[in-house]
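Notes follow the structure.
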Amino acid sequence: ETGTWGTDIKGLMEEFPLPVKNPSFVHSKCPPKGRQWKPLKHVLIAENFDGVDHPTYPNIEAPPALRPQKRFSDLYGYEARYTDPQTGLRFAIAEEYRIIRGLPDDCVQAYKRLRGHDNVI
């Protein structure tokens, strides 16, 4: 078979084989068949790793944060600067405040439950 400029395509393919056509080509990221990848937790359990001697991500204890915890509005998720004194819900803008004032008590309790508030009546 000849191309448009008179070159022999089959001869070029034999001279310069493509790596995807090579039957012995193995991708470096693919594990060989018969071997499965295990999550770190499974490997540690299989090796009876207790992790007491060496610091690892799960066993490092961090000191308490120096900055106060961020508070987010209960309706829109913005960073909230204000709290409604009547309902205890947090809000960031005036539109949220108007909506909070119009909510029935069961909705207010549901929002508090979602936030994990302790004083849910």
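FYI, the numbering just counts along the sequence from 1. Worth knowing before you read on, the calculation uses all heavy atoms, side chains too, and leaves out hydrogens, waters and symmetry mates.
Residue Arg71 places its CZ atom among 12 or fewer non-hydrogen atoms of other residues, nucleotides or ligands, all under 6.0 Å distant.
One hydrophobic cluster holds both Leu89 and Tyr76 under the rule that ILVMFWY side chains link at heavy-atom gaps under 4.5 Å.
Taken from CD1 in Ile100 to CD in Glu95, the straight-line distance is 11.0 Å, to the nearest 0.5 Å. From Ser73, atom OG reaches atom CD of Glu96 across 3.5 Å, with rounding to the nearest 0.5 Å.
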Can you give each donor-acceptor pair under 3.5 Å made by side-chain atoms of residues 77-85, sequence neighbours left out, with the distance rounded to 0.1 Å?
from	atom 1	to	atom 2	distance (Å)
Asp84	OD1	Gln86	N	3.4
Asp84	OD2	Thr87	N	3.3
Asp84	OD2	Thr87	OG1	2.6

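Using a 4.5 Å heavy-atom cutoff, the side chains of Phe91 and Ile99 are not in contact.
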